[in-house]
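Note sheet for the following structure.
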Amino acid sequence: MAHRDLLEQCLVDLHRIGVVKFGNFTLKSGMQSPIYFDLRMIISYPKIMETVAELMWAKRPNPDYDLVCGVAYTGLPIATVISTKQELPMLIRRKESKGYGTKKLVEGNYEEGQNCLMIEDVIVSGSSVYETLETLKELNLKVDDAIVFLDREQGGAANLASMGVNVISVVTMTQMMGILLKHGCINQATSESVLEFVESHNDTSIVTKEKSSCKNGIDVMDRKKRSFESRTSVTNHPLARKLFEIMSSKKTNLCVAADVTTSKELISLAEKVGPHICLLKTHIDILTDFSKETVESLKELAATHNFMLFEDRKFGDIGSTVASQYSGGAYNIVDWAELVTVHGLPGDGIIKGLMSAINGRPRGCVLVSEMSSSGALTSQEYVNGCCKMAQNHTYFVIGFVSQSNVSSDPRFILMTPGVQLDKSVDGLGQQYVTPRVAVLERGADVVIVGRGIREAEDPEAAAIKYKEEAFSAYLERIEAQ
Ligand code: S5P
């Protein structure tokens, strides 16, 4: 059978046995995806597995390899088939070291300098291939090529190319949708929605758990030492990247809390402070005259002045309830606020509920891990729980609202409210520190200021003053390291 016919038949077979699934799936990175390609199933279908291995081997760019290494787990059986058919010795890279016996991470014989081909089932960001690559390189093996069956076209091939690894795929997501459509396995609408999703999620970065390292190999800890600019490359969240870029280019880490009661006041405040802020934080339910036009004007101002809209909804209920509060209702928050605040209290379900409502839109949240008010019940145990939640959902959580240095992971952006230059309390429990204290002592990346700016005689002048103080404290912080 010609290669193209073999590929088409293979994809139809893979669809038939349930490898190609449509629905709502959470990928390893936490990203929500409308499609899941579960190639593990082929171990129950030896003939199909053989074809998959044949198609992959046919793609090898180099005629001479000394070794083949499958990326755990699905890459392993495929590499085994290639190894026996081609009489090519194989290596296995464990997911974790055994902790007993030889404690080796790689099984099999090899000699330094040998040329090893990597085999992987699917590539999204390239993180799994990267982890294997790191291990093989530590053993002084030569690793130039990785063959993957499906390239989801979400940035993985480019990420690995920037590290000198050539990724060759048997089929791309676009090609696969075309073939499945041609053979009547899926309809036009399914194909379009998958391709739309891929296009809006094609900017992933490599972030590995084990070494906590990233795209350009910089250690990811030490958030406080790093510039916003350098942190854009360690996060896999497009909105965290956007915020880092705004903060670097506008030289502002100021968020204004626009807690006003009329649309007119809101728009007027946004016009005044817009050029000086990275985020405009709203409590949209305080408005007495909320309308679609209010949101349209805010969106326009955000685009003109390059800031992001951040609704301080402090979601705090079970997943199914927050999904309805986020999307729909009077405010349809998901439609216009790129970022929202969320309490960690209900556990993982709240994140899953919110993510189920975003429908492919780039959206993110900030977890409220500590509160500024006196007597707040946010204990250290609670903070630790929030950090764990954030780490498990880096495709939605971009950072924390906090009062202390709750995380040294540079992917996360810390935002500190309770900031004012002239006051220490407000009589209702709020406690204030200055922007310098927030940034230098408490580790804030962003300072959130409400009344200090809103109630000033000249809010624009006040915004400039807060911006300058907060940004110079940030520069002092990164330069001091
Ligand atoms: O712990 C917190 C968390 C938040 S988001 N303490 C806070 O004050 N906030 C919000 O920050 C609060 O809802 C308000 O919108 C803003 C502080 O306003 P200010 O006028 O006291 O600066």
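Values below: every heavy atom of this structure, side chains too, minus hydrogens, waters and symmetry copies. One-based numbering, in listed order, for ligands and for the atoms of each.
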Problem - Lys314 and ligand 1 - part of the residue with a heavy-atom distance under 4.0 Å - result: side chain
Would you mind running through ligand 1 and noting each atom that sits below 4.0 Å from a heavy atom of [X]?
X      : answer
Asp312 : 5 (S), 10 (C), 13 (O)
Ala257 : 15 (O), 16 (C)
Arg451 : 19 (P), 20 (O), 21 (O), 22 (O)
Val401 : 3 (C)
Met371 : 1 (O), 2 (C), 3 (C)

Report yes or no: do [X] and [Y] form a side-chain donor-acceptor pair below 3.5 Å?
X      : Y      : answer
Gln430 : Ser372 : yes
Asp121 : Thr74  : yes
Thr172 : Thr174 : no
Thr135 : Arg93  : yes
Asn405 : Arg223 : yes

Exercise for the section: Compute the minimum heavy-atom distance from Thr341 to ligand 1 and say whether it is under 4.0 Å. Expected result: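 For ligand 1, residue contact (heavy atoms, under 4.0 Å) with Thr341 is absent.
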Exercise for the section: Mind checking the CG-CD1 spacing from Asp151 to Ile147? Nearest 0.5 Å is all I need. Expected result: 13.5 Å
Exercise for the section: Measure the spacing between CG of Asn187 and CG of Leu181 and express it to the nearest 0.5 Å. Expected result: 8.0 Å
Problem - Any side-chain heavy-atom pair of Thr394 and Phe412 under 4.5 Å - result: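 Of all side-chain heavy-atom pairs linking Phe412 with Thr394, at least one is under 4.5 Å.
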Specify the protein heavy atom at minimum distance from [atom]: its residue, its atom name, and the distance to 0.1 Å.
atom                    : answer
atom 10 (C) of ligand 1 : Lys281 NZ, 3.6 Å
atom 13 (O) of ligand 1 : His283 NE2, 2.8 Å
atom 14 (C) of ligand 1 : Asp259 OD2, 3.3 Å
atom 17 (C) of ligand 1 : Gln430 NE2, 3.7 Å
atom 3 (C) of ligand 1  : Pro417 CG, 3.4 Å
atom 21 (O) of ligand 1 : Tyr432 OH, 2.7 Å
atom 6 (N) of ligand 1  : Ser372 OG, 2.7 Å

Exercise for the section: Using atom types as modelled and distance alone, determine if a side-chain donor or acceptor of Glu265 lies under 3.5 Å from a backbone N or O of Thr262. Expected result: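 Side chain of Glu265 to backbone of Thr262: a pair is present.
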Exercise for the section: Pick, from Ala376, Cys255, Gly452, Gly450, the option with the minimum heavy-atom distance to atom 18 (O) of ligand 1. Expected result: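 Of the listed residues, Gly450 has the closest heavy atom.
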Exercise for the section: Run the ring-centre check on Tyr474 versus Phe228 and record whether the distance is less than 6.0 Å. Expected result: yes
